[in-house]
Amino acid sequence: MKQPGHDSDALERARIHWDDWQRSQPANQNVYTDWGDHPTVFRAVMRHALGGESENFFTFLQKNYPSCATGHALSLCCGDGAFEQQLLERGVFFQITGLELSPERIAQGRARMSAQNAMRLDFLEKDVNQGEFGKCLFDVIFAKAALHHIQNLEGAFDGMVRSLKPGGLLVTIDFFGPSRFQWTDLQLQACNEFWREHVPPALQREADGTLTPLITRPRVEDMVLMDPSEAARSNELQAMIYKYFDVLEDRALGGALLNLLLYGHRVNRFDAMDPVHNDVLERAVAKERNLMAQGLLSSDFRFIVARAKPWWRRFMR
Ligand SMILES: C[S@@+](CC[C@H](N)C(=O)[O-])C[C@H]1O[C@@H](n2cnc3c(N)ncnc32)[C@H](O)[C@@H]1O
């Protein structure tokens with residue numbers, strides 16, 4: 001049976017959504033898009049997930065997977081390729097082919113690409129759901145904020161392992177939380193309680209002075225209408241990775257509370273130079289980690305490195 005959001009009409013709506021999103025981006029890049037972009041939060045996440053505040057995904061991959069530096073990576077749902085440019089500049093991968101649905105995002109990416117990177121980063125306009133990535137071509141599949149946009153997980157994962165050379169890796173930094181953002185009761189309660197009790201009153205207001213509404217669980221129909229690709233089957237992703245790959249690293253980045261607390265434009269209200277704001281964020285991180293340690297919250301975001309299993313091992317327990 002077809003799932004909602006899985007047809008050519010849905011794909012077209014996702015494309016339009018991301019074209020519009022790209023056009024709406026401010027020229028001023030000093031804004032955070034997501035909770036993890038905030039430097040205070042990012043440092044805390046690195047402390048918990050990678051063992052040190054000075055770590056980041058680039059240093060971790062360089063240290064632990066140095067052979068990637070000469071490799072060709074396929075990046076799924078690469079957007080404007082801004083992160084891919086950094087991966088090349090930092091020497092994490094040698095060459096990247098990016099697949100992306102939105103022509104507007106690709107156009108922006110090409111326009112912003114540095115001359116050095118133009119030789120080593122190419123974009124293809126492609127629907128990742130098709131799983132048509134070629135055979136034995138890539139050393140790495142890279143997927144940042146990407147896998148949770150895939151509806152046809154079976155087709156895409158088949159295509160991913162087919163396209164990897166023997167021993168090829170999957171490197172993903174992604175959202176593994178509730179599909180279609182159907183937040184748990186505890187998640188909503190923890191986030192909204194923290195917002196009301198710990199966030200300074202001035203930060204609880206919109207620019208026009210009205211109170212920012214508390215976070216609620218969106219209706220699935222509204223989610224599909226807005227962007228049919230959003231969190232399509234995110235809660236199935238982790239199991240899917242373990243089925244197709246031998247997992248080498250699975251680091252819990254958190255986010256079950258922080259992603260909601262700092263949702264949308266809220267993250268930009270927290271001034272990274274303000275000690276009061278930073279203290280609130282550190283307390284939110286501590287609360288999230290505490291609830292995770294008790295098994296009450298799971299980690300909605302994860303950093304996973306995994307090696308493709310040979311096909312016959314995917315069917316063994
Ligand atoms: C959250 S953005 C992440 C972009 C980029 N990887 C990053 O981390 O900045 C998700 C991207 O997935 C793209 N996308 C959604 N569905 C897709 C599909 N079926 N095939 C290819 N790209 C898709 C969107 O256009 C969007 O650029």
Side-chain angles (χ1 to χ4, degrees), residues 1-22 24 33-36 76-77 79 100-102 104-105 127-131 143-157 172-195 206 212-243 252-267 288 291-292 295-302 304:
M1 200 182 74
K2 261 189 187 164
Q3 304 212 11
H6 190 207
D7 51 40
S8 57
D9 177 50
L11 199 70
E12 189 49 28
R13 277 187 285 127
R15 195 193 317 270
I16 290 168
H17 170 84
W18 284 101
D19 277 351
D20 289 347
W21 186 88
Q22 183 66 52
S24 73
T33 308
D34 292 311
W35 67 284
L76 307 180
C77 305
E100 170 54 47
L101 183 66
S102 151
E104 190 66 32
R105 300 219 69 191
D127 171 18
V128 165
N129 287 298
Q130 303 298 322
K144 175 175 163 286
L147 301 177
H148 75 277
H149 286 276
I150 300 174
Q151 175 70 257
N152 178 15
L153 289 181
E154 293 76 10
F157 271 78
T172 180
I173 307 160
D174 224 302
F175 174 74
F176 293 80
S179 299
R180 302 290 184 204
F181 294 173
Q182 295 305 289
W183 316 120
T184 66
D185 288 342
L186 200 132
Q187 228 175 329
L188 290 170
Q189 188 192 333
C191 159
N192 288 328
E193 255 175 36
F194 189 93
W195 179 262
E206 302 291 318
T212 298
L214 296 179
I215 295 283
T216 53
R217 196 178 290 126
R219 292 188 335 146
V220 173
E221 307 88 276
D222 295 339
M223 288 286 297
V224 174
L225 211 58
M226 180 196 67
D227 172 10
S229 77
E230 187 59 88
R233 293 172 62 190
S234 46
N235 70 346
E236 298 173 53
L237 278 176
Q238 201 184 0
M240 207 67 162
I241 292 176
Y242 277 78
K243 176 177 172 195
L253 303 177
L257 188 157
L258 284 154
N259 176 36
L260 301 196
L261 192 76
L262 301 178
Y263 203 75
H265 54 278
R266 297 171 185 216
V267 62
E288 178 177 276
L291 291 170
M292 282 166 67
L296 296 171
L297 284 187
S298 48
S299 181
D300 279 1
F301 292 78
R302 315 192 75 85
I304 295 180

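We're numbering straight along the sequence, starting at 1. Atoms considered below: every heavy atom in the structure, side chains included; atoms not considered: hydrogens, waters and symmetry mates.
Minimum heavy-atom separation, A231 to F175: CB-CE2, 4.0 Å. Residues A190 and L291 come closest through the heavy atom pair CB-CD1, 3.8 Å. R302 and A252 make their closest contact through NH2-CB, 4.1 Å (heavy atoms, listed as atom of the first residue, atom of the second, distance). For L253 against E288, the heavy-atom pair with the smallest separation is O-OE2, 4.5 Å. Pairing each heavy atom of Q151 with each of A232, the nearest pair is NE2-CB, 3.9 Å.
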Evaluation steps, salt bridge (charged side-chain N to carboxylate O under 4.0 Å, His left out), between K243 and E154: CA-CA 11 Å; K243 176 177 172 195; E154 293 76 10; over 6 Å; no
Verdict with reasoning, M292 to S298, per side-chain contact (heavy atoms from CB on, under 4.5 Å): CA-CA 6 Å; M292 282 166 67; S298 48; over 6 Å; no
Intermediate values then yes/no, side-chain contact (heavy atoms from CB on, under 4.5 Å), V128 and L101: CA-CA 8 Å; V128 165; L101 183 66; over 6 Å; no
Criterion side-chain contact (heavy atoms from CB on, under 4.5 Å) on F301 and N259, from CA distance to verdict: CA-CA 9 Å; F301 292 78; N259 176 36; 3.8 Å; yes
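To the nearest 0.5 Å, atoms CG (D174) and NZ (K144) are separated by 9.5 Å. Distance check, rounded to the nearest 0.5 Å: OH of Y263 to CG of D34 gives 8.5 Å. If you take CD on Q189 and OG1 on T184, they are separated by 9.5 Å, rounding to the nearest 0.5 Å. In this structure, the separation between CG on L237 and NE2 on H148 is 9.0 Å, given to the nearest 0.5 Å. Summarising the geometry, atom CZ belonging to F176 is positioned 9.5 Å from atom OG belonging to S234; distances are rounded to the nearest 0.5 Å. Residue E104 holds its CD atom at 12.5 Å from CZ of R15, rounded to the nearest 0.5 Å.
Using modelled atom types, no side-chain atom of T172 and backbone atom of I304 make a donor-acceptor pair closer than 3.5 Å. Remark: the backbone N or O of G79 is paired with a side-chain donor or acceptor of E100 at under 3.5 angstrom.
Between L147 and I241 there is a side-chain heavy-atom pair separated by less than 4.5 Å. Residues F194 and L261 have side chains in contact (heavy-atom distance under 4.5 Å, counting atoms from C-beta outward). Within the 4.5 Å cutoff, the side chain of L11 has heavy atoms near those of the N129 side chain. Using a 4.5 Å heavy-atom threshold, the side chains of R266 and W195 count as touching. Looking at heavy atoms from C-beta onward, Q187 lies in side-chain contact with D300 at the 4.5 angstrom threshold. Contact annotation: the side chain of W21 approaches that of T33 to within less than 4.5 Å [non-hydrogen atoms, C-beta and beyond].
Listed by chain and number, the residues in a side chain to side chain donor-acceptor pair (under 3.5 Å) with S102 are D19 (sequence neighbours excluded). Residues passing the side chain to side chain contact (heavy atoms under 4.5 Å, CB included) test with D227, sequence neighbours excluded: A14, H17, W18, H149, S229, E230.
Using a 3.5 Å distance cut-off with no hydrogens or angles, the side chains of N235 and Q182 do not pair a donor with an acceptor.
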Show me the side-chain donor-acceptor pairs of residues 213-222 shorter than 3.5 Å, one per line, residues at least two apart or across chains.
| residue | atom | partner | partner atom | Å |
| --- | --- | --- | --- | --- |
| R217 | NE | W183 | O | 2.6 |
| R217 | NH2 | W183 | O | 3.0 |
| R217 | NH2 | D185 | OD1 | 2.5 |
| R219 | NE | D222 | OD2 | 3.1 |
| R219 | NH1 | E221 | OE2 | 3.4 |
| R219 | NH2 | D222 | OD1 | 3.2 |

